[in-house]
Amino acid sequence: MIDYYETRSQPITRVMVWQAYQNVKSNKGSSGIDDLDWDTLDHNLSSQLYKLWNRLSSGTYFPKPVKEVAIKKKSGGVRKLGIPTILDRIAQEVVKTHLERIVEPQFHDSSYGYRPKRNCHQAVERATQNVFTHHWVIDLDIKSFFDTIDHELLMKAVKHYCADKWVLLYVRRWLETGIVQQDGNYVDRVSGTPQGGVISPLLANMFLHVSFDKWMEIHHPRKPFERYADDIVVHCKTERQAIYLLKEITQRLSYCKLSVQKEKTKIVSLRGASEKKYKRSFDFLGFTIEPHWFRTKSGCQLMPRSVISKKSVSSVLDKFKRVHKWRKSIEELAKELNPVIRGVINYYCKFWSYHTQDLWNQLNKRLKKWVKWEKGLYKKAALRWLRKKYEERPNLFAHWKLVYP
């Protein structure tokens, strides 16, 4: 009889490995340097998981190098991800599940990124609420955060919260695992934790919890902040507070071997008065938080609001830029575009939808251009054709419930 709760020198059971496999598979993901994909793994699943458990539970598990993959950033340039093999991701999930159970209750209430039951909307909503009472904001950007995390300081943080030797053993091995670059060259890693690993977000949260969240709680408890991974916003009452606190934060991060990206880090004055000219808005998680005149019973008042950022609008429109050249029926067009449209609506229209009106008007213009090309109609005739289609099937495109053509 197989004992699924059997342990060896390390307290890791087969059940832990099986549950980790299920969690990782639900997120899918590509293969690593060994080219082992999910179909191949599932074909010989029992044997593969047994070997992984055997190595993990005996302390003989060593991860393979991660595969470097470059993806384009919305702000320009590329972000380099490090993709572990599927079996290494399962092993990371085993440790992550155990470690997260210990450290998650310790994390700061203002930390939102990569945490259970927390999301971007909560962070944006809290940031908008804090702007009502704090007119100054520090929009903080950490330079190459995931690539510059100091291994020794990170291990010190992990050890502070979890003394399990097997956790420390495998976290250390993952941190020291090298990278196979896109040209095939192998490079040792001396700092950082690669984006793309299952356990990397948790380790990054632990590092910033100690180096920033806890430090703010002790030294600046009256200054609210929101942190989503390494995206940080800090609120202040006055210009003087903001200047002083930015200097303090810069020194603190430097002590933790991190640096502030000076070109992107800025002080923002949403409603505060000053002689010096400051930016009047800031971007946070795809939204722009800015002051806006609202009409109330007591007259017009300047109050903060969150709207879709210009960068986000450009990113969304990039997905629709060649729509007019697609040679498909309008039903096929809607079937292909609607998942993207619904995703945009679900994310950016969470609080209110009117601020996305220009975006949907732009999409309708591109649909009208598609009608001109596909049906051979002039401008007004194309618009009439599209509006007739709207009258027949008003739910054909998901955004038509917000802005009709």
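Here the structure is a predicted model, which is why all the values come from computation and not from measurement.
Two residues are said to be in side-chain contact when any heavy atoms from C-beta on lie closer than 4.5 Å; W370 and I330 meet this criterion. When side chains are defined from C-beta on, L317 counts as touching R366, because their heavy atoms get closer than 4.5 Å. Under the 4.5 Å side-chain criterion, counting only non-hydrogen atoms from C-beta, V260 is not in contact with I142. Looking at heavy atoms from C-beta onward, V180 lies out of side-chain contact with K64 at the 4.5 angstrom threshold. Between F145 and L208, some side-chain heavy-atom pair lies under the 4.5 Å cut-off. With a 4.5 Å cut-off on side-chain heavy atoms, F132 and P304 count as touching.
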S211 and W215: CA distance, side-chain angles, deciding distance, side chain to side chain donor-acceptor pair (under 3.5 Å) verdict: CA-CA 6 Å; S211 59; W215 178 82; over 6 Å; no
Evaluation steps, ring-ring contact (aromatic ring centres under 6.0 Å, His included), between Y228 and Y112: CA-CA 5 Å; Y228 194 96; Y112 294 91; 7.8 Å; no
Stepwise side-chain contact (heavy atoms from CB on, under 4.5 Å) test for R189 and T177: CA-CA 7 Å; R189 185 168 60 235; T177 300; 4.2 Å; yes
Stepwise side chain to side chain donor-acceptor pair (under 3.5 Å) test for Y278 and E239: CA-CA 10 Å; Y278 291 94; E239 177 188 13; 2.5 Å; yes
Derivation of the salt bridge (Lys or Arg N to Asp or Glu O under 4.0 Å) call for D109 and R126: CA-CA 11 Å; D109 186 55; R126 177 74 71 85; 3.2 Å; yes
Residues F212, F225; criterion ring-ring contact (aromatic ring centres under 6.0 Å, His included); working and verdict: CA-CA 10 Å; F212 181 80; F225 68 90; 5.2 Å; yes
Salt bridge (Lys or Arg N to Asp or Glu O under 4.0 Å) between K350 and E125, worked out: CA-CA 10 Å; K350 174 71 174 180; E125 186 175 20; over 6 Å; no
L402/Q357 under side-chain contact (heavy atoms from CB on, under 4.5 Å): CA gap, chis, key distance, verdict: CA-CA 8 Å; L402 301 176; Q357 191 172 42; over 6 Å; no
Candidate pair L99 and D164, rule side-chain contact (heavy atoms from CB on, under 4.5 Å), full reasoning: CA-CA 9 Å; L99 187 57; D164 295 331; over 6 Å; no
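Interatomic distance, NZ of K368 versus CG of N361, reported as 10.0 Å (0.5 Å rounding). Distance check, rounded to the nearest 0.5 Å: CZ of R118 to CD of Q122 gives 6.5 Å. How far NZ of K310 is from OG1 of T288: 8.0 Å, rounded to the nearest 0.5 Å. How far CD of Q182 is from CD of E68: 5.0 Å, rounded to the nearest 0.5 Å. One distance of note links CG of L253 with NZ of K257; it measures 14.0 Å at 0.5 Å rounding. The distance from the CG atom of L270 to the NZ atom of K279 is 10.5 Å, given to the nearest 0.5 Å.
Note on E176 versus R172: salt bridge recorded, some NZ/NE/NH1/NH2 to OD/OE distance being below 4.0 Å. Between K328 and E374, none of the side-chain N atoms (NZ, or NE/NH1/NH2) sits under 4.0 Å from a carboxylate O, so this pair counts as no salt bridge.
The only member of E104, R115, R227, E100 that meets side-chain hydrogen bond (donor to acceptor under 3.5 Å, both in side chains) when paired with N205 is R227. If you run ring-ring contact (aromatic ring centres under 6.0 Å, His included) between Y404 and each of W360, F397, Y390, only Y390 comes through.
Between the side chains of S26 and Q22, no donor-acceptor pair is found at a separation under 3.5 Å. Between the side chains of T356 and S353, no donor N or O sits under 3.5 Å from an acceptor N or O. For the residue pair T148 / S191, no side-chain donor-acceptor distance below 3.5 Å is found, with atom types taken as modelled. Between N364 and W400, the side chains place a donor N or O and an acceptor N or O closer than 3.5 Å (distance only, hydrogens not considered).
With hydrogens and angles disregarded, no donor-acceptor distance shorter than 3.5 Å links the side chain of S315 to the backbone of K311. Using modelled atom types, no side-chain atom of Q48 and backbone atom of L41 make a donor-acceptor pair closer than 3.5 Å. Here the side chain of S254 pairs no donor or acceptor atom with the backbone of T250 at under 3.5 angstrom. In this structure, N23 contributes its side chain and I90 its backbone to no donor-acceptor pair below 3.5 Å. A side-chain donor-acceptor contact under 3.5 Å links N338 to the backbone of A334. A donor-acceptor contact shorter than 3.5 Å is absent between the side chain of S306 and the backbone of I289. Panel note: side chain R89, backbone K25; no donor-acceptor pair is recorded below 3.5 Å. Checking side-chain atoms of E392 against main-chain N and O of K389 turns up no donor-acceptor pair under 3.5 Å. Looking only at distances, no side-chain donor or acceptor of S144 sits under 3.5 Å from a matching main-chain atom of D147. Looking at S57, its side chain does come within 3.5 Å of a backbone N or O of W53 through a donor-acceptor pair.
Nearest heavy-atom pair across A242 and W136 is CB-CB, 4.4 Å. Scanning both residues, F284 and V233, for their nearest heavy atoms gives CD1-CG2, 3.7 Å. Nearest approach of L175 to G192, heavy atoms of both residues: CD2-O, 4.1 Å. Closest of all the heavy-atom pairs between V268 and R280 is CG1-C, 3.9 Å. Scanning both residues, L383 and P405, for their nearest heavy atoms gives CD1-C, 4.4 Å. Taking both residues in full, the closest heavy atoms of Y348 and G286 are given as CE2-O, 3.3 Å, listed atom of the first, atom of the second, then distance.
Aromatic ring centres of F287 and Y347 lie closer together than 6.0 Å.
Under a cut-off of 6.0 angstrom, the local environment of CZ in R222 is sparse, with at most 12 non-hydrogen atoms contributed by other residues, nucleotides or ligands. Environment of OH in Y161: crowded, with over 12 heavy atoms of neighbouring residues, nucleotides or ligands closer than 6.0 Å. Surrounding OH of Y186 are more than 12 heavy atoms belonging to other residues, nucleotides or ligands, all under 6.0 Å away. For K80, the NZ atom is loosely surrounded, since the number of other residues' heavy atoms within 6.0 Å does not exceed 12. The number of heavy-atom neighbours closer than 6.0 Å to CZ of F351, taken from other residues, nucleotides and ligands shown, is above 12. When the shell of 6.0 Å around CZ of R55 is examined, it contains 12 or fewer heavy atoms from other residues, nucleotides or ligands.
With a 6.0 Å cutoff to the six-membered ring centre and a 45° limit on the axis angle, R173 does not count as a cation-pi contact of Y61. A cation-pi arrangement is absent between K388 and W385 under the rule of less than 6.0 angstrom and at most 45 degrees off the ring axis.
Relative ring orientation between W38 and Y21 is described as tilted, the plane-to-plane angle lying within the 30° to 60° band.
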